[in-house]
Amino acid sequence: MVQERQILRIVVVGHVDHGKSTLIGRLLYDTKSLPEGAIARVKRIAKEKGKLFEYAYLLDALEEEQKQGITIDTTQIQFFTAKRDYIIIDAPGHKEFLKNMISGAASAEAALLIIDANEGIREQSKRHGYILSLLGIQKVYVIVNKMDLIQYSETEFKKIQAEMNQFLSNLHVYPLKYIPVSAFYGENLTHLSGKMPWYQGETVLQALDLLEKEEGLENKPLRFPIQDVYKFDQRRIIAGRIETGSLKVGDEIHIAPGNKITKVKSIESWMPGDRKEVVTAGMSVGITVEDEFFNNRGEVISHVIAPPETGDLLQANIFWLGKEALETKRTYKLKLNTQEVECEIQEIQRVIDASTLETIEYPQEVKLNDVAEITIHTKRSLTFDRFKDNQSTGRFVLVDGFDVSGGGIIIDLARNIAADNTPAEDTPVPDFTVDKKSTRTTGLEASGVTEASLAKLASLREQLKAMGSVVVAYSGGVDSAFLLKAAADVLGNNCIGVTAMSETYPESELKAAVEVAKQIGANHLLIQTAELANEQFACNPVDRCYYCKSELFAKLNRIAEEKGFKYVLDGANADDVRDYRPGMRAGKEKGIRSPLQEVGLHKQEIRELSRYLNLSTWDKPSCACLSSRFPYGHRITAAKLSQIEKAENFLRELGLKDLRVRYHDQIARIEVPRTDFPLITGHILDLIVERLEGLGFVYVTLDLKGLRSGSMNEALSQLN
């Protein structure tokens, strides 16, 4: 059996006329990789033009190129050595064709950056180095060409090396080698040159063979985007193409977003003889799983170990090909594998202008052929990998209207990149001013935070600092997470968040709270409460929350006393005084402080500040305890709580994010925002009814008023 030869893809970039085509043409000639008749054709073209034969002409895919005297197309050329085959992408250097260079470089594993020894480092050479950095290409050789024009001077070569090293290191690009060559005369391409005895390194060809190829797609973590789900007899077959990794029957898998865990039950096939136990990258397959989840197109299957990232605020690099400029606050469609989601450009940090190659900081738009660093906010969570970790699931396109108008790569979650910029304990309120040069409001406009909100944040920090040590009643919701973050930033180890576990607290919320506490870096303690054992709570009176909070706050006070902490805090905000909140009475009786309320912070301000502080909870839907799903006077039991929790989990698996299932004996009353009503139709409607009936409900209804906080309180006037 003939062993398949390894292939390495590299891109060649550089300033116009620095000799890319000559270098590649000479490599093709010296490795005897040219097709039959190619040299004769090039000689004919040269003769017609009245020019001498040049190796650069071997690269010209179109005769028009000779007329223009520049490389106009991104061409892919193959040559080979004894070790492996190479595909070289000859990316154009002329600024009008910058987009071709980017589309060529995006699929390369390594790069050759060509510099003319006689002209030295030009601005465009630096820009090309910057583009390689944007694309995450770290395996770079700098080829200093035309050494013959400077008499093969070692001094001049080292000057170029020092200058380019200084520039590239600022971009976190560290060239593996600098190689002095004369492509025209073949010096240091395939054999060491006698003209440069001071250079004792590898030739270009030898250096290429030293490059380590990235691991094969089948050896990367599993990424299996769901294309569709088909129902055959009693089976639900999940279909799609495996982008990376491998999968076998019995594997425990993770489905994102949603964090569903199950096992592969079978790998399906049309014919029994085609059945496989293992499938790998590049294969289109259908599988069944052990647990019956509702799966959607766009979800991504991975192994439980090494799952992809999920988030809605992304830092990305993009090249723009749209007729209309890319602008902030406009809605676009982002496509990544089988995922499609609406998004907005939250911020444009930097643009390379295609006509001048000038870098513009914080512009208002990205024009045709420009390259930009941007922050994208998607309207629902996206599942992805960083491009440097997995190109298959780190590359996306943007659609404007009906046209694919841009392509890009994901660098990271934006909050991960911004984490180092989170204000510390004694950070003063920033001076937000308008940068007249870029007409960009440098702080408030970008974050959505008002000066009044920031002043309240400063006041909150001062209060917390004066307290000295605190125990925070922490549920993982928007308010308590924000309070815990503020306290942890100011007090460090003199702060601890405490979360109560019971049947009334959804398991999914508990897991999320633990994860957010880790992200904050706060001390976190889990305790058990037993409110159902209290008859005054279980009979579900209108002041039910008073008994729950009384138990919780009593335990928190004991924890504070044991640890020597001075205060116990809760996350009640300035809006809570408007609703019926008997739990607040318990807080006053137990001496609990509500600092968010004390400084006058409202819910919307807390969300804005949470986003400003890079908290993942900033847009988290409100999630009152499961007991709030029952009408007052209706007894609460563990079985009924479990019934509600399972129903709500199922609805979230369908893609509904903000919801409640209200319990009315045999009736399940579903509350979702009115904007989500169109999602509950047809096949989805049937699935909901089928599932909730399976949980024991006889009737399943949709509340036409939509989702609203405290809807059970609407009946209080009738009870009175």
Side-chain angles (χ1 to χ4, degrees), residues 257-260 291-296 380-381 475-478 501-513 531-532 537-540 542 544-545 548 579-580 619-716 718:
N259 294 324
K260 292 172 281 189
D291 299 282
E292 189 171 317
F293 296 124
F294 182 83
N295 298 110
N296 291 302
R380 55 181 171 81
S381 289
S475 67
V478 178
M501 302 182 294
S502 76
E503 297 94 337
T504 67
Y505 189 49
E507 185 179 351
S508 59
E509 288 296 306
L510 177 61
K511 290 179 179 177
E531 49 266 34
L532 286 183
F537 174 90
C539 68
N540 198 15
V542 294
R544 174 196 67 229
C545 292
C548 173
D579 198 9
Y580 179 65
D619 62 346
K620 180 182 174 69
S622 297
C623 185
C625 86
L626 293 173
S627 301
S628 67
R629 314 303 197 259
F630 296 85
Y632 294 116
H634 189 110
R635 175 169 288 279
I636 301 170
T637 68
K640 293 173 184 177
L641 290 167
S642 176
Q643 191 178 5
I644 290 294
E645 183 174 5
K646 289 176 181 177
E648 293 190 351
N649 285 344
F650 178 74
L651 292 176
R652 290 190 179 92
E653 289 171 11
L654 296 180
L656 297 167
K657 187 176 181 182
D658 207 357
L659 61 96
R660 299 283 188 276
V661 176
R662 306 292 188 184
Y663 187 100
H664 299 273
D665 290 315
Q666 296 178 320
I667 301 171
R669 175 167 61 89
I670 299 172
E671 292 182 15
V672 297
R674 286 186 173 186
T675 53
D676 284 350
F677 282 6
L679 300 177
I680 308 179
T681 57
H683 178 55
I684 300 297
L685 197 59
D686 294 336
L687 285 170
I688 293 173
V689 172
E690 178 185 347
R691 177 59 173 158
L692 268 62
E693 285 181 346
L695 290 173
F697 291 105
V698 178
Y699 305 103
V700 181
T701 67
L702 178 65
D703 192 323
L704 298 184
K705 286 186 178 180
L707 177 67
R708 57 217 185 271
S709 176
S711 72
M712 289 303 192
N713 294 343
E714 295 167 5
L716 286 177
Q718 298 178 18

Heavy-atom pair of closest approach, residues [X] and [Y]:
X: R708; Y: R669; answer: NH2-NH1, 4.0 Å
X: P631; Y: N540; answer: O-ND2, 2.8 Å
X: Y505; Y: G476; answer: OH-N, 4.5 Å
X: K640; Y: H634; answer: NZ-NE2, 3.1 Å
X: E693; Y: V698; answer: OE2-O, 3.9 Å
X: A638; Y: E503; answer: CB-CG, 4.1 Å

Checklist line | Side chains of E509 and S475, donor plus acceptor under 3.5 Å | finding: no

Checklist line | Worked verdict on H664 versus Y699 for side-chain contact (heavy atoms from CB on, under 4.5 Å) | finding: CA-CA 10 Å; H664 299 273; Y699 305 103; over 6 Å; no

Notebook entry, point to check: How are the rings of F630 and Y663 set relative to one another: parallel (under 30°), tilted (30 to 60°) or perpendicular (over 60°)?
Noted result: tilted

Drop me the distance from [X]'s [atom1] to [Y]'s [atom2], to the nearest 0.5 angstrom.
X: L656; Y: L707; atom1: CG; atom2: CG; answer: 11.0 Å
X: L654; Y: N295; atom1: CG; atom2: CG; answer: 10.0 Å
X: L702; Y: L685; atom1: CG; atom2: CG; answer: 8.5 Å
X: I684; Y: N296; atom1: CD1; atom2: CG; answer: 6.5 Å
X: E653; Y: N649; atom1: CD; atom2: CG; answer: 7.0 Å
X: L659; Y: I680; atom1: CG; atom2: CD1; answer: 8.5 Å

Margin query: Run E648 and I644 through side-chain contact (heavy atoms from CB on, under 4.5 Å) and show every step you take.
Written below: CA-CA 6 Å; E648 293 190 351; I644 290 294; 3.9 Å; yes

Checklist line | Test applied, side chain to side chain contact (heavy atoms under 4.5 Å, CB included); reference residue, V700; option that passes from V661, I670, I667 | finding: I670

Check: Does the distance from a Lys or Arg side-chain N to an Asp or Glu carboxylate O, for K657 and D619, drop under 4.0 Å?
Finding: yes

Checklist line | Audit row: V672, D658, side-chain contact (heavy atoms from CB on, under 4.5 Å) steps and yes/no | finding: CA-CA 6 Å; V672 297; D658 207 357; over 6 Å; no

Note to self: I'd like to check L532 versus I636 (side-chain heavy atoms, cut-off strictly below 4.5 Å). Are they in contact?
What the structure shows: yes

Note to self: Between T504 and F537, is there a side-chain heavy-atom distance shorter than 4.5 Å?
What the structure shows: yes

Next item on the list: With side-chain contact (heavy atoms from CB on, under 4.5 Å) as the test, would you mind laying out the steps for R635 and T637 before giving the verdict?
Entry: CA-CA 7 Å; R635 175 169 288 279; T637 68; 4.1 Å; yes

Next item on the list: Kindly check if the number of other-residue, nucleotide or ligand heavy atoms within 6.0 Å of NZ (K646) is above 12?
Entry: no

Note to self: With a sphere of 6.0 Å drawn around CZ of F677, does it hold more than 12 non-hydrogen atoms of other residues, nucleotides or ligands?
What the structure shows: yes

Note to self: Under the criterion salt bridge (charged side-chain N to carboxylate O under 4.0 Å, His left out), I'd like the reasoning laid out for E531 against R544: C-alpha separation, chi angles, the key distance, then a yes or no.
What the structure shows: CA-CA 10 Å; E531 49 266 34; R544 174 196 67 229; over 6 Å; no

Next item on the list: Applying salt bridge (charged side-chain N to carboxylate O under 4.0 Å, His left out), run through R691 and D686 and close with a yes or a no.
Entry: CA-CA 9 Å; R691 177 59 173 158; D686 294 336; over 6 Å; no

Checklist line | Exam field: side chain D703 to backbone E671, donor-acceptor pair closer than 3.5 Å | finding: no

